[in-house]
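Working notes, beginning with the structure itself.
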Protein chains: 2
Amino acid sequence: MGRIEYKQYDRFLLAVDCIIFGFDGSGLKALLVKRGLEPEAGKWSLMGGFAQQNESIDDAAARILLNLTGLDKIYMEQLYCFGDLDRDPGGRVVSIAYFALIKIDASDNDKLEEHQAKWIDLKKLPPLVFDHKRMIKLAKERLQQKVSNHPVGFELLPHKFTLQQLQALYEAIFERSFDKRNFTRKILSLGILQRLDEKEKASSKKGAFYYVFDKKKYKQLESEGIQMI
Amino acid sequence: MGRIEYKQYDRFLLAVDCIIFGFDGSGLKALLVKRGLEPEAGKWSLMGGFAQQNESIDDAAARILLNLTGLDKIYMEQLYCFGDLDRDPGGRVVSIAYFALIKIDASDNDKLEEHQAKWIDLKKLPPLVFDHKRMIKLAKERLQQKVSNHPVGFELLPHKFTLQQLQALYEAIFERSFDKRNFTRKILSLGILQRLDEKEKASSKKGAFYYVFDKKKYKQLESEGIQMI
DNA sequence: AAAATTAAGTGTATTATCAACATTTAATAT
DNA sequence: ATATTAAATGTTGATAATACACTTAATTTT
């Protein structure tokens, strides 16, 4: 018994690619880098890397995200395994894609510059290497599905935020508008928001109340599931 | 440029494991085999195999399913990539799991016997090798989610079937009962069923009408999505 | 100090969907 | 002719989703 059984079978390079989502108040953004490796070096790409024998695939994904952003303990979920023969012209590489949700201003700017990384609006994507555009498309669909059934703003919004910011996030994710009254009623009825006494004054004279998430209730609904959309 | 860039990185064995669902009128079943390979040879297992360099991962999954059942052009969907370090005691193997939906009596019985395969009720699973039980659990959750948003009976039921058979399928998938009147109304309102003039007489004196799927409408709703549960 | 401005905050009526519930009907067997 | 069996079918109340417009708080301007 042990580690000699499977010698005869083919072995594969395993890449891990990360679709990193962020929200800056207007559009939904993805964090893209200039690819540092041939082939296609210098072109826009998702952040990625190769998995190593001494780590799980989840760990590889976390490592790659940390490497780019300096962040750990980030919301991350496996998206899909892309295994077509010719997806990478540099060789047979099977890629496992993960998507992550981060607060857009929490990442380490030095690291971002190191990788020539930029937040790019999903509606203005440049040409991307390999099948990375397809990955982003799938990730966005998964995010929509996720957000329909789970609270998710916590990961993408600053600690305190206004109802309009939250609505803007949902509108960016679903690329549609919501009725302010219905949206407010729905989201407040979930009981995951706590209103602060503080107001955001930059964008109106009256000012909009800040809210924070009730972490306990949020976590509960995150596992139970909700019906949001 | 070309196929020499990535030499330095680690390479992995890639397994493909198939969760094959079937429905026999009462319970939801999975097709399990007696594992033919050390380690754990002789124990119950999902049907699986190693991916080869000359095929896509999707193709590998289709090959493995064909190999066991003799069936091709089967409904199949990638489930998840399992990449933990010690999931397989025989070596570092990353497994990509697929789930398939087949008509339970369509498969090639000789082939099934060759692999000592059996249809086993999901509620009576024996101990399984590695993380295969976890795979089945996840596959069942995905199936529930799938069925909530897409018509799916077509793949699991015989060509013609009664409303009660269809309801029994849904009840098996969701492990709950539905009100017959509400279920019938809902499913008929989708407009994907065509009633035949023929009746099934085995289980009642009155007889229950057979239905078939309206393939065109079915395919349309399959891509558009529905709200079933 | 009054008026104007700006976006925030809020309520109601209508419609559609979901859930609960029991009787009648068609065909065969006695 | 009667009994039996499972199939087929409708209504009502509750809940959720949608559509829609005015009032309020605070600042800025006159």
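Per chain, numbering begins at 1; letters A, B, ... match sequence-line order. Note: hydrogens, waters and symmetry copies are ignored here, and every other heavy atom, side chains too, is used.
B:Gln167 pairs by the side-chain hydrogen bond (donor to acceptor under 3.5 Å, both in side chains) definition with B:Glu171, not counting sequence neighbours.
One finds the CD atom of A:Glu155 at 10.0 Å from the CG atom of A:Leu157 (value rounded to the nearest 0.5 Å).
For DNA chain D, the contact window with chain A, defined by any atom under 4.0 Å from a protein heavy atom, covers D:dA17 to D:dT28 in 5' to 3' order.
For A:Phe21 and A:Phe23, the gap between ring centers reaches or exceeds 6.0 Å.
The shortest distance between side-chain heavy atoms of B:Leu143 and B:Leu101 falls below 4.5 Å. Inter-residue side-chain proximity for A:Leu163 and A:Leu193 is flagged as met; some heavy-atom pair is nearer than 4.5 Å. Within the 4.5 Å cutoff, no side-chain heavy atoms of A:Ile20 are placed close to those of A:Ile64.
When the P atom of C:dG9 is taken as reference, atom CG of A:Leu163 falls 6 Å away, rounded to whole Å. In this structure, B:Phe178 places its CZ atom 18 Å from C1' of C:dC21, rounding to the nearest Å.
Looking only at distances, a side-chain donor or acceptor of B:His132 sits under 3.5 Å from a matching main-chain atom of B:Leu46. Remark: side-chain polar atoms of B:Arg63 are not paired, donor with acceptor, to backbone N or O of B:Ala51 under 3.5 angstrom.
Contacts with DNA chain D (heavy atom under 4.0 Å) in residues 144-153 of chain B: none are found. Of all the residues in residues 180-204 of chain B, B:Lys180, B:Arg181, B:Arg185, B:Ser203, B:Ser204 reach under 4.0 Å from DNA chain D with at least one non-hydrogen atom.
Of the candidate nucleotides C:dG9, C:dA26, C:dT28, C:dA26 has the atom lying nearest to any side-chain atom of B:Lys206.
Residue pairs meeting the ring-ring contact (aromatic ring centres under 6.0 Å, His included) criterion with at least one partner in residues 210-229 of chain A, sequence neighbours excluded, are A:Phe154-A:Phe213, A:Phe154-A:Tyr218, A:Phe161-A:Phe213, A:Phe213-A:Tyr218. Among residues at least two apart or in separate chains, there is no side chain to side chain donor-acceptor pair (under 3.5 Å) pair with a member in residues 102-112 of chain A.
Between A:Phe178 and A:Tyr170, the ring planes lie perpendicular to each other; the angle is over 60°, past the 30° to 60° tilted range.
Side-chain N/O atoms of A:Gln164 include one lying less than 4.0 angstrom from OP1 or OP2 on C:dG9.
The nearest heavy atom of DNA chain D to A:Lys205 and to A:Asp179 marks one nucleotide each, and the one closer to the 5' end goes with A:Asp179.
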